[in-house]
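Since the structure comes first, as structure tokens, the remarks are kept for the end.
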Amino acid sequence: MTTPSPTLELAMELIRRRSITPEDAGCQNLLAERLERLGFRVERLRFGEVDNLWARLGDDAPLFAFAGHTDVVPPGPVERWQSPPFEPTLRDGCLYGRGAADMKGSIAAMVTACERFLATSRPAGSIAFLITSDEEGPAVDGTVKVIEQLEKRDEKIDWCLVGEPTCAERLGDTLKNGRRGSLGGRLRVFGKQGHIAYPHLAQNPVHAALPALAELCAAEWDRGNAFFPPTSFQISNIHAGTGATNVIPGELEVLFNFRFSTEVTDAELRQRVESILEAGGFDYALEWTLSGQPFLTPTGRLVDAARAAVGEVTGLEPQLSTSGGTSDGRFIAPTGAEVVELGPLNATIHQIDERVGVQELEQLSTIYQRILDRLLTGSG
């Protein structure tokens with residue numbers, strides 16, 4: 001059997017560690033050992049139950065940071081996997097295992113890209129790794145807390161590459177240069193419970209809220225722009241009643257979410273929603289949760305370097321995209337950093353038999369190295 005490449009070998013070692021959110025399961029220790037050998041100063045930052053790693057090589061600006069997460073989602077029914085999810089398996093040119101694509105493969109590619117880059121180059125600036133075990137979970141004690149620490153000591157990231165799986169059909173076909181914001185709401189509408197045969201003695205909160213909910217669903221919040229689609233409002237859960245068919249419910253609960261563009265602010269969305277609800281004339285309570293603001297790096301040296309590196313290695317011209325869910329880039333971009341996301345195919349992430357192409361990993365590592373070359377040595 002052919003000896004695995006350094007990138008493949010490291011990816012397999014990471015997959016063997018059962019790091020279900022918020023557990024890191026020793027992944028960051030493995031990374032720290034590799035980075036310390038390269039001369040990185042490693043800080044282990046633990047907040048709550050979450051392990052985070054900040055490793056930096058050099059003190060000078062500009063600072064280029066790789067960002068990623070060692071935590072993974074649960075594997076689901078293990079018996080449905082063709083091979084155990086935490087036993088990395090090579091089959092049909094792919095590496096199988098939980099986290100192969102999201103995103104232990106990317107982290108392995110980042111490390112080996114640095115190892116090759118530093119073997120031949122002295123960076124004109126600094127390189128850092130920001131690794132958390134709290135991306136797939138609540139994301140309250142991970143990257144956001146590390147960024148708070150960096151901000152307190154005025155340690156600024158100039159360029160950040162997040163290794164999220166971004167590609168649709170071929171490695172390099174998609175480069176994420178932003179993400180939509182996420183604003184959630186929990187709406188409780190209060191009525192009066194009663195017998196369904198005596199509606200005049202009750203007040204049905206479902207009936208009261210339906211016109212307002214229909215208006216929210218039909219509303220145009222913005223028209224998007226060149227980088228973002230129009231803002232989307234979606235009801236994700238709705239519940240009322242006791243389960244009995246002859247009882248008018250006394251309360252309605254509605255969970256909803258906005259994925260919003262840079263054309264509107266979260267304050268504007270809140271104000272419009274509350275105006276529509278107020279016009280409905282019913283009794284309600286509303287709780288808001290802002291998971292992240294939209295962010296965008298429309299142009300800049302990082303976007304240019306990433307697109308050029310992808311073209312050199314794959315021959316593709318990557319499409320710039322802001323689609324998909326949130327990422328930890330939402331915590332990094334507000335500091336003023338240019339942020340892009342580039343990783344492997346996302347077709348099997350969070351699925352049974354998650355996998356990444358072996359050749360895909362090697363190309364990804366080469367792309368990352370070429371980005372370092374362009375930004376920190378000026379080559380290319």
Side-chain angles (χ1 to χ4, degrees), residues 2-15 27-42 53-60 62-68 70 88 90 95 100-101 103-131 157-167 171-172 175 301-302 304-316 318 340-344 356-380:
T2 305
T3 303
S5 72
T7 304
L8 179 58
E9 186 175 38
L10 180 54
M12 294 173 74
E13 283 298 315
L14 291 170
I15 290 170
C27 291
Q28 292 177 25
N29 286 336
L30 177 62
L31 298 174
E33 291 172 5
R34 295 283 284 259
L35 295 174
E36 284 174 334
R37 288 202 293 267
L38 296 173
F40 281 79
R41 303 187 305 273
V42 172
L53 181 146
W54 172 253
R56 177 166 178 164
L57 177 71
D59 297 304
D60 298 331
L63 172 57
F64 176 95
F66 286 111
T70 52
L90 297 174
L95 169 63
M103 56 173 288
K104 292 180 175 181
S106 296
I107 291 175
M110 293 170 179
V111 173
T112 56
C114 269
E115 289 172 339
R116 292 193 310 276
F117 173 75
L118 293 171
T120 59
S121 302
R122 181 184 179 91
S126 303
I127 306 173
F129 280 74
L130 197 172
I131 308 295
I157 297 171
D158 296 282
W159 302 306
C160 182
L161 191 154
V162 185
E164 290 290 348
T166 58
C167 299
L171 177 68
L175 179 71
R301 289 191 61 193
L302 180 57
D304 292 345
R307 297 183 81 172
V310 168
E312 290 171 1
V313 176
T314 69
L316 299 178
V340 299
E341 300 173 30
L342 176 62
V356 65
V358 172
Q359 185 59 31
E360 195 180 342
L361 279 182
E362 303 308 324
Q363 288 186 309
L364 186 61
S365 182
T366 302
I367 290 169
Y368 289 164
Q369 182 184 355
R370 296 285 179 85
I371 292 172
L372 290 172
D373 287 337
R374 286 182 168 271
L375 291 175
L376 297 183
T377 68
S379 64

Between [Y] and [X], is there a side-chain heavy-atom distance shorter than 4.5 Å?
X	Y	result
Q28	E33	no
V162	V340	no
Q369	M110	no
I371	L376	no
L90	V358	yes
P123	L118	yes
E341	L175	no
L8	E362	yes

#### Entry: All ring-ring contact (aromatic ring centres under 6.0 Å, His included) counterparts of Y368, not counting sequence neighbours
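Scan of Y368 (ring-ring contact (aromatic ring centres under 6.0 Å, His included), adjacent residues dropped) gives F66.
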With distance as the sole test, does [X] use its side chain to make a donor-acceptor pair with the main-chain N or O of [Y] at under 3.5 Å?
X	Y	answer
T70	C27	no
R37	G39	no
T112	A108	yes
S365	A109	yes
T7	L361	no

To the nearest 0.5 angstrom, please state how far the [atom1] atom of [X] sits from the [atom2] atom of [Y].
X	Y	atom1	atom2	result
R307	L302	CZ	CG	12.0 Å
D158	L375	CG	CG	10.0 Å
C160	L130	SG	CG	7.0 Å
F40	F129	CZ	CZ	5.0 Å
I157	S126	CD1	OG	11.5 Å

### Query
Looking at E13 and R34, does any basic side-chain N land under 4.0 Å from a carboxylate oxygen?
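Looking at R34 together with E13, the answer is no, because their closest N to O distance does not fall below 4.0 Å.
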### Task
Could I get the full list of salt bridge (Lys or Arg N to Asp or Glu O under 4.0 Å) partners for R116, not counting sequence neighbours?
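Partners of R116 by the salt bridge (Lys or Arg N to Asp or Glu O under 4.0 Å) criterion come out as none, since no residue qualifies.
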#### Entry: Contacts of D59 that satisfy salt bridge (Lys or Arg N to Asp or Glu O under 4.0 Å) - sequence neighbours left out
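In terms of salt bridge (Lys or Arg N to Asp or Glu O under 4.0 Å), with neighbours along the sequence ignored, D59 is linked to R41.
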### Between T377 and S121: side-chain donor-acceptor atoms closer than 3.5 Å
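Per modelled atom types, T377 and S121 side chains form no pair under 3.5 Å.
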Contact summary for [X] and [Y], nearest pair of heavy atoms:
X	Y	result
L171	T314	O-CG2, 3.6 Å
G105	A11	CA-CB, 4.3 Å
S106	A101	OG-O, 4.5 Å
G68	M103	CA-CE, 3.4 Å
P88	L95	CB-CD1, 3.8 Å
F117	D373	CD1-OD1, 3.1 Å

### Task
Let me see the working for C114 and I127 under side-chain contact (heavy atoms from CB on, under 4.5 Å), right down to the final yes or no.
CA-CA 9 Å; C114 269; I127 306 173; 3.9 Å; yes
### Task
In sequence, state the C-alpha distance, the side-chain angles, and the governing distance for L30 and L14, and then conclude on side-chain contact (heavy atoms from CB on, under 4.5 Å).
CA-CA 8 Å; L30 177 62; L14 291 170; 3.9 Å; yes
### Query
Stepwise, does the side-chain contact (heavy atoms from CB on, under 4.5 Å) test hold for R56 with L63?
CA-CA 9 Å; R56 177 166 178 164; L63 172 57; 3.5 Å; yes
